[in-house]
Amino acid sequence: MARYLVKGGTPLHGVIRPLGNKNAVLPMIAATLLTDAPVTLKNVPDITDVRTMLGLLRGLGAQVSFRAREHAVYICCDGVRQHRLLDEKVTEVRASILFFGALLARFGRVEILSPGGCQIGLRQVDTHFMNLAKLGVSVSYGSPIRAEAHRLCGAAVWSDETSVTATANFLLAAVRATGESVLYNAACEPHIQDLCRLLGKMGAEIQGIGTNRLVVRGAGPLHGAEHDVAEDYVETGSFLAAAAATGGAVRVEHVNTESYNQIIHQFSKLGVEVRTKPGALLVRAGQEMRIRSTLDGRLAKIECLPWPGFPADLLQIALVLATQCTGKVLIHDKMFESRLFFVDKLIRMGAEVFLSDPHRAIVFGPKKLKGKFIESPDLRAGMALVIAALAAEGTSEIDNVQFIERGYENLVGRLQGLGADIERRTSP
Ligand code: EPU
């Protein structure tokens with residue numbers, strides 16, 4: 001077990017580059033099962049979730065070589081003969097459910113344990129199976145989950161939710177179905193767009209990328225490809241928020257600035273200005289950070305929604321940032337049932353947060369935070385608490401950092417590079 005020791009109060013300064021998007025890499029790892037030819041992924045972060053997914057693929061018989069320092073992974077699935085994925089590690093990550101669509105496409109059948117992941121809500125998988133049933137898949141839900149499709153047949157499918165992983169699973173199966181499949185109410189997050197781009201390089205025909213209507217013309221086996229994974233906008237948003245919360249100035253480089261309009265807009269409601277430069281975003285020091293009420297003077301609100309709404313994975317981070325801004329704001333998690341439960345830890349640090357119900361919290365700022373011993377309950381809350389600790393007076397000890405390391409590579413080293421007083425200690 002490891003902990004972070006954070007001495008707060010130092011404004012962050014410097015330049016940083018985000019790594020590839022975790023939630024793009026994970027379905028891409030599953031997508032390599034759609035071909036016997038090698039696939040090389042670049043800009044892959046060295047994080048636990050990636051290592052777990054690669055380990056599962058290796059267990060299926062794939063050849064996997066992860067050159068972590070170069071952030072490159074080479075995968076060849078020609079040795080995969082196994083449609084059963086019953087390794088307990090499946091239950092450690094949510095993204096393992098993506099092997100469902102990929103194994104089904106490869107073998108016409110699959111047996112897999114239920115996925116795991118952070119405890120942030122109900123996280124059902126119904127949408128995945130309802131959508132795939134329309135392509136001719138029959139699913140028997142149990143432990144393990146078993147499914148088969150004598151033939152995957154293209155169909156028009158109206159998804160009941162704009163689910164990210166359900167969209168990825170649909171794509172992984174539809175690219176091998178006969179005929180045309182249309183997915184309405186598809187997720188269109190940048191990582192789904194990037195998955196579509198990889199599948200396109202592998203020979204798939206997908207139209208409507210970036211919209212909520214995806215049209216897939218199914219084909220035979222795909223071919224090999226090489227792909228540079230696009231940057232993680234959650235990492236970018238985290239570093240910008242950390243800079244603002246500590247009163248520092250940080251420039252995040254190598255970003256596709258077009259993906260950040262919503263994030264910039266929501267941060268501006270908190271009075272945090274994020275400037276756009278070619279290929280870079282920056283927060284400058286000494287901002288007033290005054291929360292803007294609505295035009296008719298009512299409570300400001302930041303809510304998360306499927307893309308192009310404000311990302312759910314940045315909502316806890318926005319909440320922590322709001323504790324350092326002047327005024328009050330409603331933070332509304334419309335998607336997850338229990339992601340806001342981490343606010344008790346912030347309250348212990350001195351924040352004034354009123355949890356109205358599991359989905360809504362009102363933050364009253366600014367409040368001086370004080371360093372405390374805190375436990376990270378999940379990945380994004382963990383990062384939000386690191387930001388709180390960086391902004392706080394005194395020393396904080398953050399436990400359960402294995403959650404944070406599921407999604408952020410070398411967070412300690414990279415924050416040290418921005419001047420943070422943070423170290424990682426392994427507990428005996
Ligand atoms: N939801 C709705 N209405 C919708 C769409 C979603 O209420 O129209 C709810 C769902 O019921 C669910 C939640 O929102 O409770 C998220 O739904 P989704 O199915 O999209 O989530 P997911 O596919 O299981 C992925 C990411 C999560 C990220 C969510 C939302 C992966 C492996 N996981 O999960 O990432 O929070 O999308 O963007 O891609 C993380 O990286 O920390 C993480 C949890």
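Note that the coordinates shown come from a computational prediction; the quantities given were computed from them, not determined experimentally. Whatever order the structure lists them in is the order used to number ligands and atoms, beginning at 1.
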Chemist: Strictly below 4.0 Å, N to O, side chains only: are E375 and K345 in salt-bridge contact?
Modeler: no
Chemist: Look at atom 9 (C) of ligand 1 and say which protein heavy atom is nearest, naming residue and atom and giving the distance to 0.1 Å.
Modeler: M335 O, 3.5 Å
Chemist: So, N400 side chain and P377 main chain: donor-acceptor pair closer than 3.5 Å or not?
Modeler: no
Chemist: Quick one: look up the protein heavy atom nearest atom 39 (O) of ligand 1 and list residue, atom name and how far away it is.
Modeler: N23 CG, 3.2 Å
Chemist: Tell me: protein heavy atom nearest atom 34 (O) of ligand 1, and distance?
Modeler: R123 NH2, 3.7 Å
Chemist: K22 heavy atoms, cut-off 4.0 Å: which ligand 1 atoms fall inside?
Modeler: 40 (C), 41 (O)
Chemist: To the nearest 0.1 Å, how far is atom 29 (C) of ligand 1 from its closest protein heavy atom, and which atom is that?
Modeler: F336 CZ, 3.9 Å
Chemist: Tell me whether the centres of the aromatic rings in F354 and F364 are closer together than 6.0 Å.
Modeler: no
Chemist: State whether the shortest distance between N or O atoms of R380 and N or O atoms of ligand 1 falls below 3.5 angstrom.
Modeler: yes
Chemist: Is there a polar contact between ligand 1 and S163, counting only N or O atoms under 3.5 Å apart?
Modeler: yes
Chemist: Quick one: which residue pairs count as a salt bridge (Lys or Arg N to Asp or Glu O under 4.0 Å) with a foot in residues 407-419, not counting sequence neighbours?
Modeler: E235-R414
Chemist: With a heavy-atom distance limit of 4.0 Å, tell me whether R339 approaches ligand 1 through its side chain, its backbone, both, or neither.
Modeler: side chain
Chemist: Angle class for the W307/Y233 ring planes (parallel below 30°, perpendicular above 60°, tilted otherwise)?
Modeler: tilted
Chemist: More than 12 heavy atoms of other residues, nucleotides or ligands under 6.0 Å from CZ of R348: yes or no?
Modeler: yes
Chemist: Please confirm whether H128 comes under 4.0 Å of ligand 1, counting heavy atoms of the residue only.
Modeler: no
Chemist: Look at atom 43 (C) of ligand 1 and say which protein heavy atom is nearest, naming residue and atom and giving the distance to 0.1 Å.
Modeler: D313 OD1, 3.5 Å
Chemist: Once you restrict to heavy atoms under 4.0 Å, what part of L379 touches ligand 1? Side chain, backbone, both or neither.
Modeler: side chain
Chemist: Specify the protein heavy atom at minimum distance from atom 4 (C) of ligand 1: its residue, its atom name, and the distance to 0.1 Å.
Modeler: T162 N, 3.7 Å
Chemist: Please indicate whether K367 has more than 12 foreign heavy atoms, meaning atoms of other residues, nucleotides or ligands, lying under 6.0 Å from its NZ.
Modeler: yes
Chemist: Taking only heavy atoms of T165 into account, list the atoms of ligand 1 that are under 4.0 Å away from them.
Modeler: 22 (P), 23 (O), 24 (O), 31 (C), 32 (C), 39 (O)
Chemist: Under the side-chain contact (heavy atoms from CB on, under 4.5 Å) test, which residues partner P27, sequence neighbours left out?
Modeler: L98, A168, L195
Chemist: Using protein heavy atoms only, decide if any is under 4.0 Å from atom 24 (O) of ligand 1.
Modeler: yes
Chemist: Are more than 12 heavy atoms, taken from residues, nucleotides or ligands other than K201, located less than 6.0 Å from that residue's NZ atom?
Modeler: yes
Chemist: Between CG of L104 and CZ of F99, what distance do you get to the nearest 0.5 Å?
Modeler: 14.0 Å
Chemist: Tell me: protein heavy atom nearest atom 2 (C) of ligand 1, and distance?
Modeler: E161 OE2, 3.6 Å
Chemist: Nearest protein heavy atom to atom 38 (O) of ligand 1, by residue and atom, and its distance?
Modeler: V164 CG2, 4.0 Å
